[in-house]
Number of protein chains: 2
Amino acid sequence: MNLRDLRYVLAVAEHRHFGKAAEASFVSQPTLSGQIKKVEEELGVTIFERSNRSVEITPIGEQLLIYARRVIEQVEAMENLAKAAQDPLAGLLRLGVIPTLGPYLMPLILQPLRKEFPDMHLVLREEITEQLLIHLRHHELDAALIATPPDDDDLQEIALFDEPFWLAFPAKHPLYNKDEIYEEDLPVDQLLLLADGHCLTEQVMGVCHLDQSSAHDDLRASSLETLMQLVGAGFGCTLVPALALRGSWATDTGVILRQVHVANAERRIRLVARKTFPRALALKALAELVCKHLPNTVRKVVKG
Amino acid sequence: MNLRDLRYVLAVAEHRHFGKAAEASFVSQPTLSGQIKKVEEELGVTIFERSNRSVEITPIGEQLLIYARRVIEQVEAMENLAKAAQDPLAGLLRLGVIPTLGPYLMPLILQPLRKEFPDMHLVLREEITEQLLIHLRHHELDAALIATPPDDDDLQEIALFDEPFWLAFPAKHPLYNKDEIYEEDLPVDQLLLLADGHCLTEQVMGVCHLDQSSAHDDLRASSLETLMQLVGAGFGCTLVPALALRGSWATDTGVILRQVHVANAERRIRLVARKTFPRALALKALAELVCKHLPNTVRKVVKG
DNA sequence: ACAGATTGATAGGTTTTACATATTGGATTT
DNA sequence: AAATCCAATATGTAAAACCTATCAATCTGT
């Protein structure tokens with residue numbers, strides 16, 4: 001049996017006339033007659049009792065029609081659903097973000113996103129890079145915003161922007177008088193770090209030429225917010241990604257911020273997804289939207 | 001789209017492997033791949049995200065699968081229903097009977113019917129011939145038991161049996177001493193009749209050579225039961241079909257019954273149905289069952 | 001009563017499409 | 001490096017759905 005055949009049956013039931021039903025189905029009357037006959041033979045049941053001047057539905061045919069109508073109804077609902085979902089810019093997009101980026105980037109783009117792509121339904125998940133990549137591979141996420149190259153042949157990336165690191169230190173710190181920070185100024189021995197696993201931790205250590213052994217591991221903050229509270233409280237200094245400068249800690253914590261003039265004192269933020277992810281357009285749209293709403297503290301990458 | 005395609009989609013979803021799904025669907029892998037691709041193109045949506053080592057279902061695919069499963073489920077229910085209804089001896093049979101036959105014949109066959117064809121669901125309707133024929137033509141009945149030739153080219157008949165008329169008269173009637181009634185004995189002037197419309201009325205008039213004008217129309221009974229009550233009460237005589245002899249009036253009403261030796265003092269009972277009615281076997285089975293359970297007071301017709 | 005219109009079924013030929021086998025390209029495993 | 005696995009692609013074949021033309025039966029209107 002066939003959906004087309006069911007539609008033919010419904011057409012005959014509606015018109016009670018093979019010719020009219022054929023016309024309404026955009027086929028010839030012999031074709032329709034043949035298909036109806038085929039269905040009846042397949043089901044082993046007479047659906048229509050036809051004479052030369054009337055077409056009537058048998059009682060069993062009436063029962064079958066109820067099912068046929070339900071089937072066609074469901075199929076049409078299915079097609080409508082697909083049609084509504086055809087727009088790659090619409091529908092669910094499960095996006096992961098690293099914790100040192102999410103709280104500062106997402107507020108900038110959520111409202112524009114709702115305005116420009118009202119049908120795109122973003123579901124956010126904040127985890128460290130390693131977890132995000134696992135979720136991507138497991139198809140539990142569709143895309144992720146991270147700060148390291150994914151290093152996985154199954155994944156693709158769209159580079160978005162470079163986010164410089166700023167130096168954060170307590171108000172009473174000797175560096176207070178320096179407006180500009182160079183490599184030799186970095187207070188490497190007073191450096192406070194995030195917990196392991198955060199990509200930011202390794203990147204900051206890289207900028208400061210620290211390795212695992214030489215880094216303090218007695219004081220590790222579990223979040224950037226906590227870290228800045230520690231800085232404000234005078235426990236040490238740290239490097240902060242530019243977008244985080246406007247975090248909630250920025251007011252009244254007595255933390256001083258300075259631009260850093262050191263090579264590679266920045267991280268590249270990219271949108272990664274599986275190469276096989278079918279909604280490339282959604283990724284592109286999201287990438288462009290993010291770039292469009294970035295502050296001047298970061299440097300956009302010119303596409304790619 | 002196509003039911004076959006939906007089954008393919010479900011198979012891939014189940015196996016998460018095109019080769020295995022193809023095998024389970026008894027087609028080659030390229031065929032299945034092609035059909036899946038076709039469905040995705042038709043729907044404009046990617047259902048499966050495939051790489052060289054995995055097949056995963058997209059979120060929209062998951063939603064579509066819910067519908068696909070429902071559709072297939074309904075279709076299978078439909079096929080099961082048809083299969084269950086394939087037996088022409090099973091299922092609904094809407095049967096009409098004339099009022100002078102139904103109450104006496106049906107009790108004889110209902111139980112055997114339930115025993116021999118437990119799946120045949122008889123729905124009875126008791127009306128005069130004219131109404132029954134109208135209902136037959138309107139497909140509101142499938143068959144009818146009547147006592148006159150249907151005289152309609154769209155209808156067919158199976159003759160079942162000839163039912164003789166018996167003379168019924170009050171106990172004190174002068175005919176009491178006659179054991180056998182011949183034409184000249186018929187008490188034509190005392191004849192009581194049923195209401196017009198009943199075929200029995202005309203047939204009894206025919207046997208007695210009465211026409212519309214010469215017949216009493218001051219006393220007409222609305223049912224055979226009433227008629228016999230009138231006879232028992234001494235209002236007159238009448239002719240009764242043989243099967244009715246065992247009606248509820250037969251005891252304690254003082255009605256005397258005599259066999260009648262008059263040509264054509266009988267009526268032929270036939271099962272009529274539309275020529276186009278598809279369940280000829282059900283008719284045949286019913287006809288045979290009726291004949292099998294008739295008392296000796298009637299003469300079975302030898303098939304046809 | 002007879003010609004013309006109507007209706008569903010049938011016949012024969014064409015186009016579409018579903019299918020199979022063979023092969024390819026990319027990735028993984030031994 | 002060779003073998004294996006997997007889905008996609010290429011190409012030819014067989015089944016099906018479809019069309020036009022026609023038939024048989026009936027109904028309509030003169």
Side-chain angles (χ1 to χ4, degrees), chain A residues 1-9 11-43 46-58 61 137 139 150-156 274-278, chain B residues 1-43 46-58 61 137 139 151-156 274-278:
Chain A
M1 205 169 35
N2 203 311
L3 288 176
R4 193 200 302 118
D5 299 335
L6 289 186
R7 288 186 220 271
Y8 290 159
V9 169
V12 174
E14 191 186 336
H15 293 91
R16 309 209 163 208
H17 188 291
F18 277 68
K20 303 239 179 71
E23 197 180 350
S25 303
F26 307 107
V27 291
S28 69
Q29 170 265 316
T31 294
L32 183 120
S33 290
Q35 294 305 306
I36 296 287
K37 190 179 173 188
K38 187 201 68 179
V39 172
E40 287 183 328
E41 277 168 11
E42 275 176 8
L43 291 179
T46 305
I47 300 173
F48 300 108
E49 195 182 319
R50 24 221 195 273
S51 72
N52 277 317
R53 66 186 158 294
S54 74
V55 173
E56 292 291 330
I57 306 171
T58 62
R137 279 189 284 266
H139 291 250
D151 194 30
D152 182 330
D153 267 355
D154 293 336
L155 299 179
Q156 58 175 326
R274 291 179 301 279
K275 282 179 181 167
T276 53
F277 181 63
Chain B
M1 207 168 33
N2 202 311
L3 288 177
R4 192 201 301 119
D5 299 335
L6 289 186
R7 288 186 221 271
Y8 291 159
V9 169
L10 291 183
V12 173
E14 192 186 336
H15 293 91
R16 310 210 162 206
H17 187 289
F18 277 68
K20 302 233 178 74
E23 197 180 350
S25 304
F26 307 107
V27 292
S28 69
Q29 170 263 316
T31 293
L32 183 121
S33 288
Q35 294 306 307
I36 297 288
K37 189 179 172 188
K38 188 200 67 179
V39 172
E40 289 183 328
E41 277 168 10
E42 275 175 9
L43 292 179
T46 305
I47 299 173
F48 301 108
E49 195 182 319
R50 25 226 197 270
S51 72
N52 277 318
R53 66 186 157 294
S54 74
V55 173
E56 293 290 331
I57 307 170
T58 62
R137 281 189 282 266
H139 291 250
D151 194 33
D152 182 329
D153 268 354
D154 293 336
L155 298 179
Q156 58 176 325
R274 292 179 301 280
K275 282 180 181 167
T276 53
F277 181 62

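The chains referred to below are lettered A, B, ... by the order of the sequence lines, with proteins before strands, and numbering in each begins at 1. As a basis for the values below, the full set of heavy atoms in this structure was taken, side chains included, without hydrogen atoms, waters or symmetry mates.
Rounded to the nearest 0.5 Å, atoms CZ (A/Arg137) and CG (A/Leu155) are 6.5 Å apart.
Nearest nucleotide to the A/His17 side chain, out of D/dA17, C/dG8, C/dT21: C/dG8.
At least one side-chain nitrogen or oxygen of B/Ser33 sits closer than 4.0 Å to the OP1 or OP2 atom of D/dA8. Between B/Lys37 and D/dA7 there is no side-chain polar atom (N or O) within less than 4.0 angstrom of OP1 or OP2. Side-chain N/O atoms of A/Arg50 include none lying less than 4.0 angstrom from OP1 or OP2 on C/dT7. Dashed line: the shortest gap from a side-chain N or O of A/Lys38 to OP1 or OP2 of D/dA17 is under 4.0 Å. Residue B/Thr31 places none of its side-chain N or O atoms closer than 4.0 Å to OP1 or OP2 of C/dA18.
One atom, CD of B/Glu23, and another, P of C/dA20, lie 12 Å apart when rounded to the nearest Å. If you measure from atom CG of A/Leu32 to atom P of C/dT10, you get 14 Å, rounded to the nearest angstrom. The CZ atom of A/Arg4 sits 4 Å away from the P atom of D/dC18 (whole-angstrom rounding). As rounded to whole Å, 11 Å separates atom P of D/dC19 from atom CD of A/Gln29. Across the protein-nucleic acid pair, B/Arg16 atom CZ and D/dA7 atom P stand 13 Å apart, rounded to whole Å. One can place CZ of B/Phe18 at 14 Å from C1' of D/dT9, the figure rounded to the nearest angstrom. Residue A/Asn2 contributes atom CG, which lies 10 Å from atom C1' of D/dA17 at whole-angstrom precision. Across the protein-nucleic acid pair, B/Phe48 atom CZ and D/dA7 atom C1' stand 13 Å apart, rounded to whole Å.
In plain terms, the two heavy atoms of A/Phe48 and A/Glu40 that are nearest each other are N-OE2, 3.0 Å.
Without hydrogens or angle criteria, A/Thr276 side chain to B/Glu49 main chain gives no donor-acceptor distance under 3.5 Å.
Side-chain N/O atoms of A/Gln35 and base N/O atoms of D/dA17 include no donor-acceptor pair closer than 3.5 Å.
The environment of NZ in A/Lys38 is crowded: more than 12 heavy-atom neighbours from other residues, nucleotides or ligands sit within 6.0 Å. Residue B/Glu23 qualifies as open at atom CD: its count of foreign heavy atoms under 6.0 Å is 12 or below.
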